[in-house]
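Quick caveat, the model's predicted, so the values are computed rather than measured. Note that ligands are numbered from 1 as they come in the structure, with each ligand's atoms numbered from 1 the same way.
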Amino acid sequence: MSQTRFAPSPTGLLHLGHAFAARVAREQASPGGYLLRFEDIDHTRVRPEYYAAAREDLAWLGLAPDRETPPQLERAARHREVLARLRSLEAVYPCFCTRREVEAEISRMTSAPHGPEGPLYPGTCRALEPEERARRLETGGAPAWRLNATKAATLVGPLDFDDRRHGRVQVDPGLLGDLVLARKDIGTSYHLSVVADDADDGITLVTRGEDLLPATHVHRLLQALLGLPAPEYLHHRLVTDENGRRLAKRDDARSIRHFRDAGCSAGEVLAMLPGD
Ligand code: GLU
């Protein structure tokens with residue numbers, strides 16, 4: 001029995017990349033086990049009309065979910081609870097740095113640590129003395145909370161995850177460094193929310209684009225810290241444009257809506273997607 005989900009962010013129209021992701025989720029699910037969940041924690045970028053547009057486009061493509069689960073914005077209490085648990089384990093620490101301060105610190109370093117997506121957080125606030133940290137927590141505004149990757153790794157020991165395309169993958173806990181698990185402005189992050197929500201929704205197979213493979217190292221670590229079950233994964237290929245770039249929300253020319261309005265049938269749109 002595989003329960004999967006398609007988890008778009010309602011920040012734009014669905015495009016061919018979403019159609020592919022939804023089709024993979026549908027194909028891999030057992031009957032009745034294909035769910036839709038809106039990832040809308042970044043309320044500054046969400047627009048109300050995109051929820052309905054996504055549901056409609058999915059239905060038009062013949063990829064309507066078996067069930068929709070509550071959007072992430074309705075799960076804020078749960079996300080706060082998960083953060084509190086990570087705090088009690090001291091697997092996270094508060095970070096008071098602004099983006100500009102982080103950039104300045106990185107440019108001062110002769111060899112800043114790098115991850116697959118660029119320079120990693122140099123650890124400035126991890127090194128704060130306990131008194132200074134307590135003082136800033138009291139007097140400063142809401143901090144961000146960062147993973148203490150080294151501490152987290154020692155708490156849980158070696159880990160791996162199974163991916164249907166990539167095989168068994170050994171977790172590298174430091175791959176993304178001390179990344180932000182709770183942003184100052186929204187109190188959570190994609191990483192923290194997706195781990196909690198997939199567990200709460202009973203997702204047994206997470207299907208998503210292979211650009212998120214590095215993030216899964218962190219997700220597996222969080223699952224182990226929180227005592228949540230480890231789902232199986234399938235990181236699928238990305239749909240790209242003719243220049244090999246992955247499609248983005250701004251590519252309106254490849255939105256499902258654009259093809260519908262141009263008179264294409266759903267079958268014709270699905271035929272534009274890669275084969276696996
Ligand atoms: N919300 C993400 C996206 O739209 C999907 C992330 C996931 O499936 O874990 O790309």
- Message: I'd like to check whether Pro8 has a polar contact with ligand 1, where a contact means an N/O of the residue lying under 3.5 Å from an N/O of the ligand.
- Response: no
- What residue among His217, Arg220, Arg168 forms side chain to side chain contact (heavy atoms under 4.5 Å, CB included) with Asp160? Arg168
- Atoms of ligand 1 close to Glu39 [distance to a heavy atom under 4.0 angstrom, numbered from 1]: 1 (N), 2 (C), 5 (C), 6 (C)
- Message: Checking side chain to side chain donor-acceptor pair (under 3.5 Å) between Arg75 and each of Asp200, Thr69, Thr188, which is the one that passes?
- Response: Thr69
- Item | Contacting atoms of ligand 1, where contact means under 4.0 angstrom from a heavy atom of Val194 | 9 (O)
- Item | Linked, directly or transitively: Leu86 and Tyr190 (ILVMFWY side chains, under 4.5 Å) | yes
- Checking side chain to side chain contact (heavy atoms under 4.5 Å, CB included) against His235, which of Asp211, Asp163, Val206 comes through? Asp163
- Message: Whether the side chain of Ser30 engages the backbone of Ser2 through a donor-acceptor N/O pair (distance < 3.5 Å, no angle test) should be reported.
- Response: yes
- ligand 1 versus Leu212: contacting region, heavy-atom distance under 4.0 Å: side chain
- Kindly confirm or rule out an N or O of Thr207 lying under 3.5 angstrom from an N or O of ligand 1. no
- Message: Quick check on contacts: which atoms of ligand 1 are under 4.0 angstrom from a heavy atom of Tyr190?
- Response: 6 (C), 7 (C), 9 (O)
